[in-house]
Amino acid sequence: MTTPVRVRFAPSPTGPLHIGGVRTALYNYLFARQHGGQFILRIEDTDQNRYVPGAEEYIIESLDWCGIKFDEGVTGGGPYGPYRQSERKEQYRPYAEQLVRDGKAYYAFDTPAELEKEREEQKKISPDAFQYDSKTRLRLKNSLTLTAGEVKRRLDAGEPYVIRICIPADQVVKLTDIIRGDVSVHTNILDDKVLFKSDGMPTYHLANVVDDHLMKITHVIRGEEWLPSAPMHVLLYRYLGWEDTMPQFAHLPLLLKPDGNGKLSKRDGDRLGFPVFPLKWTDPASGEVSSGYREAGYLPEAFINFLAMLGWNPGVEQELFNFGELASIFSLERVHKAGAKFDFEKAKWFNQQYIKKLPDPFLAGLLSKALVPHGIEAGHEYLEKVCGLIKERITFLNDLWDYSCYFFEDPRVFDQETIRKRWKPETPGIIASLAAELEAVDFSAPDLLEGIFHQFLEKNSLGTGAAMSPLRLVVTGKAGGPGMFEIMHLIGKESTLRRMHGYRFE
RNA sequence: GGUCCGUUCGUCUAGUCGGCCUAGGACAUCAGGUUUUCAUCCUGAAGAUCAGGGGUUCGAAUCCCCUACGGACUACCA
């Protein structure tokens with residue numbers, strides 16, 4: 001009897017999806033693929049105060065760019081919808097009320113101000129924070145301390161209330177985490193968390209448990225920040241009578257700052273110069289722009305491969321894996337327990353590896369688009385040849401233009417370092433006589449050009465260094481690049497000679 | 001402060017239930033080679049007394065305890 005695997009990624013639309021979130025989604029997706037199960041996207045928008053317009057669309061677009069496809073969710077629907085918690089609003093209250101009836105939860109009428117006062121008072125007498133729990137609830141305003149009549153009166157009068165879980169005293173709650181093993185927590189340190197808010201919405205805790213149950217989720221794979229509240233979730237399953245179908249838990253380690261301590265945040269990206277979001281994001285309120293991997297010139301496959309290896313490894317020395325391979329070898333048991341510091345250098349390496357493997361026609365298509373802003377059009381065949389020459393030299397897709405501009409227009413800027421080191425008083429003469437030599441030559445093959453070049457060197461008793469670097473400089477403006485004769489052959493005789501005669505350094 | 005989780009080269013990590021680990025790989029770094037350049041690629045070097053201290057054991061990075069450090073959580077946020 002094997003129940004089909006069903007997992008979910010359940011972000012809140014409170015801003016752009018962070019790469020840690022992308023990784024959580026990825027692991028869920030990989031896990032589902034591997035087990036032939038379903039991957040669900042559920043939007044947890046129970047807090048209207050934190051709702052950010054555009055965030056949900058951003059999340060969906062990000063997953064799409066990454067190639068993480070979901071089987072059920074807000075866009076495609078599915079048999080367990082709706083998949084937006086705000087649209088499931090009415091479903092939660094009955095469960096909360098059922099818990100109250102069963103004595104597993106209670107109504108609480110304390111106002112935020114009153115609770116704040118409690119916290120202040122507590123701070124004065126001890127360093128321990130105030131907690132709404134078995135020790136304090138009996139002196140607060142709730143259905144445990146008020147008479148049934150009074151509770152009914154307040155409820156009927158429409159007084160604001162919340163429903164809190166009633167955490168039992170002196171118990172130990174155990175759970176088995178796939179990544180961390182057995183975790184146990186004493187109930188005395190748990191507090192009576194709010195399950196149902198005064199605005200009629202459930203909190204994460206209730207909504208999460210109810211939806212996971214209703215949607216028949218078998219494995220909850222989420223960030224480590226949820227580990228402390230997981231025992232309370234176990235209690236909820238128990239109280240709701242769902243313990244026998246409770247999903248298995250797997251709490252993922254966090255992504256940490258590359259330097260220093262703490263978890264990776266939006267600010268770190270700006271500070272250290274790399275994106276922390278998959279796509280570019282413009283904050284609708286402040287207008288602040290955060291960079292994205294897509295815009296920075298990353299291939300989604302490289303980005304995903306890199307992310308997959310952060311905190312998990314397959315146990316073999318191979319590092320480059322496509323989606324299919326990842327899905328077949330992924331396992332939660334091999335997820336590292338400790339948080340992983342984000343390594344931007346390695347991300348670059350992955351990107352370079354993937355770009356190098358890209359077929360020339362595909363890159364040519366990208367280069368063609370990169371040419372548009374410069375008002376340049378070129379034949380596809382020509383572009384393919386250019387890409388073939390430069391692709392193992394670039395790290396980002398955005399480098400395409402920088403590394404290929406001289407294939408399309410005469411250089412206007414010249415590498416200063418090369419001028420300083422290689423441009424001697426006799427160099428202009430050498431370039432001029434080489435140009436004269438080339439005048440009568442057929443540019444139809446790189447080998448031909450190379451032969452002529454060496455003959456020229458020999459005839460004038462010159463070393464390669466005296467002519468090659470200056471030649472490259474006047475023709476391309478650069479210090480390095482693909483084979484010089486390949487370049488000359490591609491751009492042709494006319495362009496080559498024009499550049500050899502018309503260069504002008506500033 | 002409290003609770004939970006964690007701790008192997010600068011970074012990501014390997015190291016099946018203790019012996020094959022004088023701790024392996026990758027990125028980054030450095031040095032050579034290839035390329036007359038740059039990049040790729042190849043070779044090599046350096047880099048971790050396995051956080052520290054106690055145990056258990058013939059034998060521990062691997063098991064147990066303590067300490068230190070780090071992280072998460074501690075909202076009518078998720």
Side-chain angles (χ1 to χ4, degrees), chain A residues 10-14 44-47 49-50 108 110-112 115-116 119 123 126-132 160-164 177 179-181 183-186 188-191 193-199 201-205 207-208 222-231 251 253-254 256 258-263 306 309-319 334 336-350 352-353 356 389-395 403 415 418 422 450 453-454 457 463-465 467-469 471-473 476 478-484:
Chain A
S12 290
T14 55
E44 310 221 326
D45 55 348
T46 53
D47 184 1
N49 300 318
R50 294 214 307 158
D110 316 271
T111 65
L115 291 175
E116 190 48 45
R119 289 192 187 95
K123 215 182 278 179
S126 109
D128 295 344
F130 163 76
Q131 225 173 242
Y132 210 122
Y161 68 91
V162 299
I163 295 176
R164 309 187 87 112
D177 184 278
I179 295 169
R180 277 146 224 285
V183 176
S184 56
V185 167
H186 202 94
N188 288 3
I189 62 108
L190 262 24
D191 64 331
K193 277 267 171 337
V194 171
L195 298 178
F196 199 79
K197 299 186 275 188
S198 58
D199 64 0
M201 279 287 206
T203 58
Y204 170 88
H205 307 292
N208 197 259
R222 76 228 300 193
E224 193 184 14
E225 67 267 28
W226 294 112
L227 193 53
S229 51
H251 289 94
L254 266 18
L256 273 20
D259 63 338
N261 309 315
K263 68 173 174 180
F306 164 68
M309 306 296 271
L310 216 50
W312 168 84
N313 87 88
V316 295
E317 290 193 356
Q318 184 185 343
E319 292 196 275
R334 291 197 68 90
H336 207 67
K337 289 187 183 72
K341 283 189 180 168
F342 188 82
D343 183 4
F344 191 55
E345 288 302 326
K346 190 97 187 211
K348 278 156 70 172
W349 179 79
F350 271 105
Q352 191 185 57
Q353 294 299 311
K356 219 169 58 182
L389 290 180
I390 64 166
K391 72 174 173 186
E392 61 191 24
R393 275 162 245 269
I394 66 178
T395 306
Y403 281 73
D415 186 72
T418 310
R422 294 287 159 79
E450 186 165 10
F453 181 78
H454 285 291
L457 252 34
T464 43
M468 185 61 93
S469 256
L471 175 62
R472 180 179 294 280
L473 183 71
T476 72
K478 312 263 186 202
M484 204 48 225

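In what follows, every chain begins at residue 1, and chains take the letters A, B, ... in the order their sequences are listed.
For A:R393, the side chain to side chain donor-acceptor pair (under 3.5 Å) criterion is met by no residue, not counting sequence neighbours. Annotation: side chain to side chain donor-acceptor pair (under 3.5 Å) contacts of A:D191 (sequence neighbours excluded): A:K193. Residues passing the side-chain contact (heavy atoms from CB on, under 4.5 Å) test with A:K478 are A:C405, A:Y406, A:T476, sequence neighbours excluded. Every side-chain contact (heavy atoms from CB on, under 4.5 Å) that A:K391 has, sequence neighbours left out, goes to A:D360, A:L363. In this structure A:Q131 satisfies the side chain to side chain donor-acceptor pair (under 3.5 Å) test together with A:D133, sequence neighbours excluded. Legend: residues meeting salt bridge (Lys or Arg N to Asp or Glu O under 4.0 Å) with A:D415, ordered by chain and number and at least two apart, are absent.
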Show each protein N/O and nucleotides 74-78 of chain B N/O combination with a separation under 3.5 Å, one pair to a line.
residue	atom	partner	partner atom	Å
B:rC76	O2	A:S198	N	2.8
B:rC76	O2	A:S198	OG	2.6
B:rC76	N3	A:S198	OG	3.0
B:rC76	N4	A:D110	O	3.3
B:rC77	OP2	A:K197	NZ	3.1
B:rC77	O2'	A:D47	OD2	3.1
B:rC77	O2'	A:R50	NE	3.1
B:rC77	O2'	A:R50	NH2	3.4
B:rC77	O2	A:R50	NH1	3.4
B:rC77	O2	A:R50	NH2	3.3
B:rA78	OP1	A:T46	OG1	2.9
B:rA78	OP1	A:K197	NZ	2.8
B:rA78	OP2	A:Y204	N	3.2
B:rA78	O3'	A:S12	OG	2.6
B:rA78	O3'	A:E44	OE1	3.3
B:rA78	O2'	A:S12	OG	2.6

What protein N or O atoms touch nucleotides 18-24 of chain B N or O atoms at under 3.5 angstrom, if any, and at what distances?
none

Detail all sub-3.5 Å separations between protein N/O atoms and N/O atoms belonging to nucleotides 29-32 of chain B.
none

Grab the N/O contacts between the protein and nucleotides 3-6 of chain B below 3.5 Å, and write none if there aren't any.
residue	atom	partner	partner atom	Å
B:rC5	O2'	A:R180	NH1	2.5
B:rC5	O2'	A:E224	OE2	3.4

Pairs under 3.5 angstrom, nitrogen or oxygen only, protein versus nucleotides 41-43 of chain B, please.
residue	atom	partner	partner atom	Å
B:rC41	OP1	A:K356	NZ	3.0

Identify all pairs in which a protein N or O lies below 3.5 Å from an N or O of nucleotides 65-67 of chain B, and state each distance.
none

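Under the 4.5 Å side-chain criterion, counting only non-hydrogen atoms from C-beta, A:P482 is not in contact with A:E392. Under the 4.5 Å side-chain criterion, counting only non-hydrogen atoms from C-beta, A:P258 is not in contact with A:K341. Within the 4.5 Å cutoff, the side chain of A:M484 has heavy atoms near those of the A:L471 side chain. At a threshold of 4.5 Å between non-hydrogen side-chain atoms, the residues A:S198 and A:F196 do not count as touching. For the pair A:E319 and A:K346, the minimum side-chain heavy-atom distance is below 4.5 Å.
Phosphate contact (OP1/OP2 of B:rC73, side-chain N/O of A:K263, threshold under 4.0 Å): present. Here A:R393 does not reach the OP1 or OP2 of B:rU35: none of its side-chain N or O atoms lies under 4.0 Å away.
Residue contacts for A:G465: at a heavy-atom cut-off of 4.0 Å it reaches no nucleic acid atom on any strand shown. Within 4.0 Å (heavy atoms only), A:R334 reaches sugar-phosphate atoms of the nucleic acid but no base atom. Counting non-hydrogen atoms under 4.0 angstrom, A:A340 reaches the backbone sugars and phosphates but no base. Among the atoms of the strands shown, none is found under 4.0 Å from any heavy atom of A:P231. A:G311 comes within 4.0 angstrom of sugar-phosphate atoms only, judged by non-hydrogen atoms across all strands, and of no base.
The ring of A:F306 has its center no closer than 6.0 angstrom to the ring center of A:F344.
The nearest pair of heavy atoms linking A:D45 to A:M201 is O-CE, 4.2 Å. Between A:Y204 and A:T46 the shortest heavy-atom distance is N-OG1, 4.5 Å.
For A:N313, whose side chain is taken as the heavy atoms from C-beta onward, the closest listed nucleotide among B:rU37, B:rA72, B:rA14 is B:rA14.
At whole-Å resolution of the value, CD1 in A:I394 and P in B:rC38 are 19 Å apart. In this structure, A:L256 places its CG atom 12 Å from C1' of B:rU7, rounding to the nearest Å. Put simply, NE2 on A:H454 is 12 Å from C1' on B:rU35, counting in whole angstrom units. In this structure, CG of A:D343 is placed 14 Å from P of B:rC9, rounded to the nearest angstrom. Distance CD (A:E392) to P (B:rU37): 14 Å, rounded to an integer number of Å. Between the NZ atom of A:K346 and the P atom of B:rC12 there is a distance of 11 Å, rounded to whole Å. Across the protein-nucleic acid pair, A:F350 atom CZ and B:rA28 atom P stand 11 Å apart, rounded to whole Å. In this structure, A:L473 atom CG and B:rC38 atom P are separated by 15 Å, rounded to whole Å.
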As a quick check of understanding, evaluate side-chain contact (heavy atoms from CB on, under 4.5 Å) for A:R422 and A:L473, giving each step before the final call. CA-CA 9 Å; A:R422 294 287 159 79; A:L473 183 71; over 6 Å; no
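In this structure, A:H205 and A:W226 have perpendicular ring planes: the angle between them is above 60°, well past the 30° mark.
Panel note: side chain A:T203, backbone A:V194; a donor-acceptor pair is recorded below 3.5 Å.
The CZ atom of A:R334 sits 5.0 Å away from the CG atom of A:N313 when rounded to the nearest 0.5 Å.
Remark on RNA chain B: of its neighbouring residues A:P127 and A:S469, the 5'-side contact belongs to A:P127, judged by nearest-heavy-atom nucleotide.
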